[in-house]
Amino acid sequence: MLAIIGGSGLSKLSSLDVERREVVRTPYGEPSGALLFGRISGQEVVFLARHGYGHTIPPHKVNYRANMWALKNAGVDGVISVASVGGIRADMLPGALVAPDQIIDYTSGREATYFDGETKVVHVDFTEPYCPILRARLLAAAKAANQAMIDGAVYAATQGPRLESAAEINRLERDGADIVGMTGMPEAVLARELELPYAAIGVVANYAAGRGDSAHGITMDVIEQTLHQAMGQVKALLQHFFAV
Ligand code: HPA
């Protein structure tokens with residue numbers, strides 16, 4: 001059974017036939033919401049809205065440890081994250097779907113580990129932050145759905161909740177980042193610590209600050225419109241993903 005964590009624009013998954021919901025308490029506090037158990041293309045999945053079902057939890061306040069612990073506790077053996085991002089690389093146009101393969105963490109002050117030194121010191125390997133098998137399955141599902149998906153990108157995880165300055169985006173680009181979002185970390189590393197294979201569908205919501213039509217600013221209206229359109233494609237992709 002796989003879990004889907006829905007980000008901005010995907011806090012409801014209309015293609016999921018919800019069979020039951022479960023409120024989970026964890027040693028790390030409350031997850032973003034109840035876990036929804038249901039089916040996509042006949043396969044059992046668990047869905048969790050990263051920002052809460054009313055989209056009230058900002059990226060820096062998401063209880064990533066509780067979320068991932070709750071999913072592990074529910075018995076999932078992998079996690080698909082859906083996350084909206086800003087496009088930095090020239091081909092990361094609004095509306096594009098991306099399967100990132102690397103990540104750079106610029107977040108700060110988030111609870112980013114289960115290994116807080118209470119028992120033993122653990123350093124997980126994070127050379128490849130995203131599960132190559134899940135990534136390949138996502139790309140195959142995109143192909144089957146006739147949906148373009150960019151294979152490989154470096155995801156920059158910023159602290160938010162503000163968007164970046166144009167100079168910050170230039171720096172991220174010099175660092176090698178292709179897309180930028182606010183929730184990829186510590187989610188990806190917590191999944192690794194729990195030994196949960198993890199992959200992400202990045203949905204480009206806007207040109208990053210200073211790029212394309214964001215040269216003079218980014219409005220939430222534009223982001224929401226783009227996400228609304230792209231989420232139809234994400235749902236179709238997931239239906240193919242679970243149909244095999
Ligand atoms: N920056 C950071 N996070 C984002 C963006 C962005 O431009 N768009 C969607 N999530």
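By convention here, the first residue in the shown sequence is residue 1. When a ligand or atom number is given, it counts from 1 through the structure's own listing order. Here the structure is a predicted model, which means the values were calculated and not measured.
With Phe37 as the aromatic partner, Arg21 does not meet the cation-pi criteria of under 6.0 angstrom to the ring centre and within 45 degrees of the ring axis.
Checked by atom type and distance alone, the side chain of Tyr155 never pairs as donor or acceptor with a backbone atom of Gly202 at under 3.5 Å.
With respect to Glu187 and Arg65, no salt bridge is recorded, no charged nitrogen being found less than 4.0 Å from a carboxylate O. The pair Arg171-Glu173 does not count as a salt bridge, with every side-chain nitrogen at least 4.0 angstrom from each carboxylate oxygen.
Residue-level contacts of ligand 1 at the 4.0 Å heavy-atom threshold are Ser84, Val85, Gly86, Leu163, Glu164, Val180, Gly181, Met182, Asn206.
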Criterion side chain to side chain donor-acceptor pair (under 3.5 Å) on Asp221 and Thr219, from CA distance to verdict: CA-CA 5 Å; Asp221 276 3; Thr219 66; 5.5 Å; no

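Residues passing the side chain to side chain contact (heavy atoms under 4.5 Å, CB included) test with Pro186 are Tyr64, Arg110, Ala112, Val189, Leu190, sequence neighbours excluded.
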